[in-house]
Amino acid sequence: MVSYKEIGLVNTREMFKKAVAGGYAIPAFNFNNMEQLQAIIQASAETKSPVILQVSKGARNYANQTLLRYMAEGAVEYAKELGWEHPQIVLHLDHGDSFELCKSCVDMGFSSVMIDASSLPYEENIALTKKVVDYAHQYDVTVEAELGVLAGVEDEVAAEESHYTRPEEVIDFATRTGCDSLAISIGTSHGAYKFKPEQCTRDPKTGRLVPPPLAFDVLHEIEKKLPGFPIVLHGSSSVPQEYVDIINANGGKLPDAVGIPEEQLREASKSAVCKINIDSDSRLAMTAAIRKVFNDKPGEFDPRKYLGPARDEMKKLYMHKIINVLGSDGKAE
Ligand code: 13P
């Protein structure tokens with residue numbers, strides 16, 4: 001048993017309280033590899049933004065959870081080396097799907113876990129979430145739960161049918177589970193294809209898809225029921241069209257990829273939404289940079305020569321999200 005406190009991580013409790021009161025959101029960036037982690041830490045240290053490092057089931061399968069956990073420990077030291085005296089870094093399990101998985105993450109030094117039992121019937125969601133909360137809270141590890149179902153595919157999480165969170169359930173759910181934050185469904189979805197073309201309109205000038213707006217009415221109703229309670233948005237990549245264009249111009253094929261407009265995420269950040277999950281945008285930044293190097297310099301075969309530019313591009317993206325979308329810069333001085 002390793003406590004996250006021994007390795008310099010923090011849980012989400014204070015972070016979320018300040019974010020809700022301050023009208024900003026904490027970035028939750030997924031990571032699977034060193035370059036992503038370096039870019040996240042460089043961007044957070046430079047902007048002094050609190051940050052949540054997320055490890056999904058897919059990441060655990062790809063990179064090994066022990067390795068990722070030690071990378072997060074290294075990240076704390078790296079942040080200090082970069083001059084961030086008091087790094088505010090959370091190591092969070094994204095989409096935990098069983099008690100055993102959440103327990104193993106708590107035991108190995110994660111400071112926050114998500115139990116995603118949103119696909120189960122309501123009472124089973126409550127029972128499993130409460131079991132995880134009861135265990136995690138013994139070690140002061142915070143727990144994110146989910147109500148409502150998001151569309152889209154992310155790693156090994158896929159849902160055919162989505163439905164919005166029902167505001168009439170949130171008080172009962174939060175009270176009976178004791179969860180620390182709640183992921184809700186208001187129209188975001190995982191991946192780079194968040195909406196089908198038939199759900200969108202098309203901008204006549206650019207020919208690009210314009211997605212339907214998020215259900216802010218549902219968000220506001222939830223906020224009214226649970227004033228000040230930390231709300232989480234998954235599936236919040238905006239799928240920057242400049243990356244899609246670079247990818248498509250350099251041999252890629254991402255037709256009609258579309259995300260959540262950043263103005264809407266900015267608006268959500270000002271509400272009780274205090275954690276915004278972003279994974280696909282970093283994948284797109286990385287892929288765009290690598291494809292461009294491969295196309296421009298076909299003779300290049302030193303991974304540092306294409307992973308380096310990919311890392312720089314991801315750092316740029318993370319800084320942009322922190323400063324211009326979530327407003328979390330300067331909140332962890
Ligand atoms: P995106 O696919 O929109 O980046 O969402 C990631 C996410 O919600 C991870 O849980």
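Quantities reported herein were computed from a predicted structural model and do not represent experimental measurements.
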Practice item. Apply the test side-chain contact (heavy atoms from CB on, under 4.5 Å) to residues Asp116 and Asp97: give CA-CA distance (whole Å), side-chain angles for both, the deciding distance (0.1 Å), then the verdict. Key: CA-CA 6 Å; Asp116 179 1; Asp97 59 358; 6.0 Å; no
Check your understanding: Under the side-chain contact (heavy atoms from CB on, under 4.5 Å) criterion, do Leu284 and Leu254 qualify, and how do the steps go?
Key -> CA-CA 10 Å; Leu284 290 166; Leu254 294 177; 3.6 Å; yes
Check your understanding: Passes side-chain contact (heavy atoms from CB on, under 4.5 Å), Tyr122 versus Asp172? Steps please.
Key -> CA-CA 11 Å; Tyr122 182 70; Asp172 182 60; 2.6 Å; yes
Practice item. Could you check Asp107 against Tyr135 for side chain to side chain donor-acceptor pair (under 3.5 Å), going step by step and ending with a plain yes or no? Key: CA-CA 10 Å; Asp107 292 352; Tyr135 184 77; 2.5 Å; yes
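With Gln36 contributing its side chain and Asn32 its backbone, the two residues share a donor-acceptor pair below 3.5 Å. Side-chain atoms of Asn277 never come within 3.5 Å of backbone atoms of Ala28 as a donor-acceptor pair (strictly under, hydrogens ignored). Checked by atom type and distance alone, the side chain of Gln199 pairs as donor or acceptor with a backbone atom of Lys196 at under 3.5 Å. With hydrogens and angles disregarded, no donor-acceptor distance shorter than 3.5 Å links the side chain of Arg202 to the backbone of Arg208. Although no hydrogens or angles enter the test, the distance criterion places a donor-acceptor pair under 3.5 Å between the side chain of Tyr4 and the main chain of Asp140. With Arg176 contributing its side chain and Ile126 its backbone, the two residues share no donor-acceptor pair below 3.5 Å. A donor-acceptor pair under 3.5 Å links the side-chain atoms of Ser56 to the main chain of Ala59, judged by distance alone. Listed for the Thr165 side chain is no donor-acceptor partner under 3.5 Å among the backbone atoms of Ile184. Using a distance-only test at 3.5 Å, with no hydrogens or angles considered, no donor-acceptor pair links the side chain of Ser282 to the main chain of Met314.
Ala19 approaches Cys274 most closely through the heavy-atom pair CB-CB, 3.8 Å. Considering every non-hydrogen atom in both Pro309 and Arg304, the closest pair reads CD-O, 3.9 Å. Across every non-hydrogen atom of Ser271 and Ala268, the tightest pair is OG-O, 2.5 Å.
Neither side chain, Lys18 nor Gln88, offers a donor N or O lying under 3.5 Å from an acceptor on the other. In the model, Asp180 has a side-chain atom that pairs as donor or acceptor with a side-chain atom of His137 under 3.5 Å. Inspection of the Ser238 and Asp281 side chains reveals an N or O donor paired with an N or O acceptor under 3.5 Å. For the residue pair Thr142 / Thr12, a side-chain donor-acceptor distance below 3.5 Å is found, with atom types taken as modelled.
The side-chain heavy atoms of Val149 and Ser119, taken from C-beta on, include no pair separated by under 4.5 Å. Between Leu182 and Phe173 there is a side-chain heavy-atom pair separated by less than 4.5 Å. For the pair Tyr243 and Thr287, the minimum side-chain heavy-atom distance is 4.5 Å or more. Side chains of Met114 and His234 form a contact here, defined as non-hydrogen atoms less than 4.5 Å apart. No side-chain heavy atom of Leu326 sits under 4.5 Å from any side-chain heavy atom of Ile26. With a 4.5 Å cut-off on side-chain heavy atoms, Lys48 and Trp84 count as touching.
Crowding of Lys315 atom NZ: a count of heavy atoms from other residues, nucleotides or ligands under 6.0 Å exceeding 12. The number of heavy-atom neighbours closer than 6.0 Å to CD of Glu85, taken from other residues, nucleotides and ligands shown, is 12 or below.
The only option from Val113, Leu91, Val141, Val55 that meets the side chain to side chain contact (heavy atoms under 4.5 Å, CB included) definition with Cys105 turns out to be Val113.
Using the six-membered ring where Trp is involved, Phe29 and Tyr318 have ring planes that are tilted, between 30° and 60° apart.
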Review item, side-chain donor-acceptor pairs of residues 214-227, under 3.5 Å, at least two apart:
from, atom 1, to, atom 2, distance (Å)
His220, ND1, Glu223, OE1, 3.0
Glu223, OE2, Ala272, N, 2.7

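A salt bridge does not link Glu262 with Arg266: none of the charged nitrogens is closer than 4.0 Å to a carboxylate oxygen.
In this structure, Ile40 is a member of the same hydrophobic cluster as Ile278, with clusters built from ILVMFWY side-chain heavy atoms closer than 4.5 Å. Taking hydrophobic clusters as Ile, Leu, Val, Met, Phe, Trp and Tyr residues chained together by side-chain heavy-atom distances below 4.5 Å, Ile322 shares a cluster with Met286.
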